[in-house]
Asker: 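Would you mind keeping the following structure in view while I ask a few things?
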Amino acid sequence: MGENKKRKRGPKPKTPEPNTATMDIDDNAPLPTTEPLADAGTSQTARRGRGRPRKSEAPNITASPERRNLRHVSEQNGDVGGVNSEPPLMVPSWESVARVVPAMDSVVKVFCVHTEPNFSLPWQRKRQYSSSSSGFVIGGRRVLTNAHSVEHHTQVKLKKRGSETKYLATVLAIGTECDIAMLTVSDDEFWEGVSPVEFGELPALQDAVTVVGYPIGGDTISVTSGVVSRMEILSYVHGSTELLGLQIDAAINSGNSGGPAFNDKGTCVGIAFQSLKHEDAENIGYVIPTPVIKHFITDYEKNGTYTGFPIIGIEWQKMENPDLRTSMGMKADQKGVRIRRIEPTAPESHLLQPSDVILSFDGVNIANDGTVPFRHGERIGFSYLVSQKYTGDSAVVKVLRKSQILEFNIKLGTHKRLIPAHIMANLLPIISLVDLFFSAVSVPYLRSEYGKDYDFDAPVKLLDKHLHAMAESVEEQLVVVSQVLVADINIGYEDIVNTQVLAFNGKPVKNLKNLASMVESCDDDYLKFDLEYNQMVALRTKTAKAATLDILLTHCIPSAMSDDLKS
């Protein structure tokens, strides 16, 4: 570093200030005995220039600010020594350095072994891999981390700071939408000497935050500091949802996920979970704030499981154009947003109507751009008000319909996606009927088939349904012919890949279980599948069912369908 380079002759350089923005502390390092506090925190040694030593100092002795202050106190007390006498030093310990961030001992390292399913071939799994991330202890003998840190977990272990022991952990709940997971450890030894962190209030802009965790670059705990630079509704990458989030300028790297963010009072104000990687962006990290964390914890405590964040179940349009407002019968003092579409599965679908103008939600007026007052000088999207509710809660919505103001007490539910963003490994529905392999489309399935750029490479019709289609019922699934397994009876059908199944023998296909039931009970001479693009697959019923067993054995498929689809 620059402090270790030889300096030119001249006046004595100033002792550099300690850099506390990033601090890596080795838990197993010996206690320092001769270094001043500033040097212990930064592992830097400030060299004095080669100029003539001060009269009050012996040669080759560096006078730090701490020493000068101590000498000044000694002189006032009449304890002045000779030229070669050295004032007493305050020797810090590693414990005093660690107290820069309170509750640091509550931060743990999370080790997880993942075994992802093969969504393209669901009867088998991919090779397992390991990852490490961060977490922290909260009340009730529980630990919080990120959901993506323990996704598709086979085994999870936790290690405390300064300990060499890894303790086996149990996953209590995983909140995919908010990217939070809750763990616990049954071994009482793990909880000895560990105090849970305390949660603080939502920070303001420019408030100092300190992120603690175990990021890439070392094995010991790491501390990075910054300030809150933005607060708004953010896109949660893992959950494919939009919730309140904090943007900070502290470095958040791989491994920081799940680590706590502390304010200057030592209370937790968030969980590090993602960062922005872009050629035009630097030091942009994101933190899950305390309102989202407390919602997840309260949801688990109320229901014994994670039920999710509710939605109002509509697509809306801004009303910033004055002509649009007057055409909808709005007065000059009225503001709101226009309903474009309503989810058929939403509880309020029978109350609200397209072209209704939502004026307020639970007594809070909504602006023409869809925002509501947040804090002094700040506004935020009104979906924040919805996310503060719990699944099954009610809310009062005031709407304008044909120049009349109506009020509805609606019940809030979770989002039913036609193409779900997540699916549990043990809930993969599959059917291998005769020589055709069927699957229900999900985001993991699209990613498995077309890679991480599936939103560009997947077929247009599937993408259109992924982005715009709505489920007509809770049980509805998008069923496709994933692939055609090679057999003598399927000649001519080999090129059919990821094509939606619309009907079987003239009856609409609602989901995989419905399709399996219709095929098993079919007594017709032919099995006819109506596919998208006006394609058709027809097979003789007796011949196809007789060939099913041999096809399963040839392709090492243990069963014709998953257990949840069997009647």
Side-chain angles (χ1 to χ4, degrees), residues 117-124 417-420 423-450 454 458-459 461-462 465-466 469 471-473 475-487 489-522 524 526-541 543-567:
N118 188 332
F119 289 93
S120 296
L121 306 173
W123 57 86
Q124 61 187 25
R417 299 174 185 265
L418 179 62
I419 298 181
I423 185 169
M424 301 300 291
N426 58 346
L427 296 179
L428 282 178
I430 62 170
I431 303 179
S432 179
L433 300 175
V434 294
D435 57 343
L436 305 179
F437 175 66
F438 299 87
S439 180
V441 179
S442 63
V443 171
Y445 175 80
L446 293 177
R447 189 179 293 114
S448 175
E449 288 285 295
Y450 302 102
Y454 68 91
K461 292 234 176 185
L462 290 182
K465 292 179 174 62
H466 168 52
E472 296 294 332
S473 65
E475 297 82 14
E476 184 178 359
Q477 292 177 323
L478 184 64
V479 180
V480 296
V481 177
S482 175
Q483 58 181 305
V484 179
L485 304 178
V486 176
I489 64 173
N490 62 22
I491 296 175
Y493 300 143
E494 298 89 346
D495 295 333
I496 298 177
V497 177
N498 289 330
T499 305
Q500 184 181 359
V501 183
L502 302 177
F504 171 76
N505 283 0
K507 298 179 181 179
V509 175
K510 298 178 181 178
N511 50 50
L512 276 176
K513 190 169 186 178
N514 170 244
L515 176 60
S517 176
M518 289 191 295
V519 171
E520 284 191 338
S521 61
C522 179
D524 297 344
Y526 289 92
L527 304 174
K528 294 182 180 180
F529 301 89
D530 295 325
L531 309 181
E532 207 163 28
Y533 309 107
N534 296 319
Q535 295 186 85
M536 176 182 287
V537 172
L539 298 168
R540 191 176 294 275
T541 304
T543 306
K545 289 186 176 182
T548 297
L549 182 60
D550 290 337
I551 295 174
L552 295 178
L553 292 174
T554 300
H555 296 276
C556 301
I557 302 176
S559 176
M561 64 186 71
S562 52
D563 294 336
D564 58 314
L565 299 180
K566 296 178 181 178
S567 28

Asker: Using the side chain to side chain donor-acceptor pair (under 3.5 Å) rule, pick out the option among Asp530, Asp524, Thr541 that qualifies with Asn505.
Answerer: Asp524

Asker: Atom CE of Met536 and atom CD1 of Ile496: how far apart are they, to the nearest 0.5 Å?
Answerer: 11.5 Å

Asker: Counting distance only, does the side-chain N/O of Tyr454 pair as donor-acceptor with the main-chain N or O of Tyr445 below 3.5 Å?
Answerer: no

Asker: I'd like to know if the side chain of Glu476 and the backbone of Glu472 have a donor-acceptor N/O pair within less than 3.5 Å.
Answerer: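 Flag set: sc Glu476 to bb Glu472 pair under 3.5 Å.
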
Asker: What are the two closest non-hydrogen atoms of Pro508 and Asn514, and how far apart are they?
Answerer: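 Distance-wise, the nearest heavy atoms are O-OD1, 3.5 Å.
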
Asker: Under the 3.5 angstrom rule, does the side chain of Asn118 hit a backbone N or O of Gln124 as a donor-acceptor pair?
Answerer: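 It does not hold such a pair.
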
Asker: Using 0.5 Å steps for rounding, measure from the OH atom of Tyr450 to the CG atom of Leu462.
Answerer: 6.0 Å

Asker: Measure the OG-CZ distance between Ser120 and Arg447 for me, rounded to the nearest 0.5 Å.
Answerer: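 Reported to 0.5 Å precision, the distance equals 12.0 Å.
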
Asker: Just verifying a value: how many Å separate Gln483 CD and Asn498 CG, rounded to the nearest 0.5 Å?
Answerer: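 Spacing of CD (Gln483) from CG (Asn498) equals 9.0 Å.
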
Asker: For the atom pair OG (Ser517) and NZ (Lys510), what is the distance rounded to the nearest 0.5 Å?
Answerer: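 Answer for the OG-NZ pair, Ser517 versus Lys510, is 11.0 Å.
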
Asker: On a heavy-atom basis, which atom in Ala544 and which in Leu539 lie closest, and how many Å separate them?
Answerer: CB-CB, 4.2 Å

Asker: What's the shortest heavy-atom distance between Phe504 and Val509, and which atoms?
Answerer: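 Between these two residues, the closest heavy atoms are N-CG2, 3.8 Å.
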
Asker: Which atoms form the tightest heavy-atom contact between Lys465 and Gln500, and what is the distance?
Answerer: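 Shortest heavy-atom contact: CE-OE1, 2.8 Å.
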
Asker: So which atom in Glu494 and which in Val484 form the shortest heavy-atom distance, rounded to 0.1 Å?
Answerer: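 Closest pair (atom of Glu494, atom of Val484, distance): CA-CB, 4.3 Å.
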
Asker: Write down the atom of Val479, the atom of Leu515, and the distance for their closest heavy-atom approach.
Answerer: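 That would be CG1-CD2, 4.2 Å.
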
Asker: How long is the straight-line distance from CG of Leu436 back to CG of Leu527, given to the nearest 0.5 Å?
Answerer: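 That separation rounds to 9.0 Å.
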
Asker: Any chance the rings of Phe529 and Phe438 have centres within less than 6.0 Å?
Answerer: yes

Asker: For Lys528, is the NZ atom crowded, meaning more than 12 foreign heavy atoms sit under 6.0 Å from it?
Answerer: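 No, the 6.0 Å shell around NZ holds no more than 12 heavy atoms from other groups.
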
Asker: Is there a donor-acceptor contact under 3.5 Å linking the side chains of Thr499 and Glu532?
Answerer: no

Asker: For residues Lys507 and Met518, determine if any side-chain heavy atom of one lies less than 4.5 Å from a side-chain heavy atom of the other.
Answerer: yes

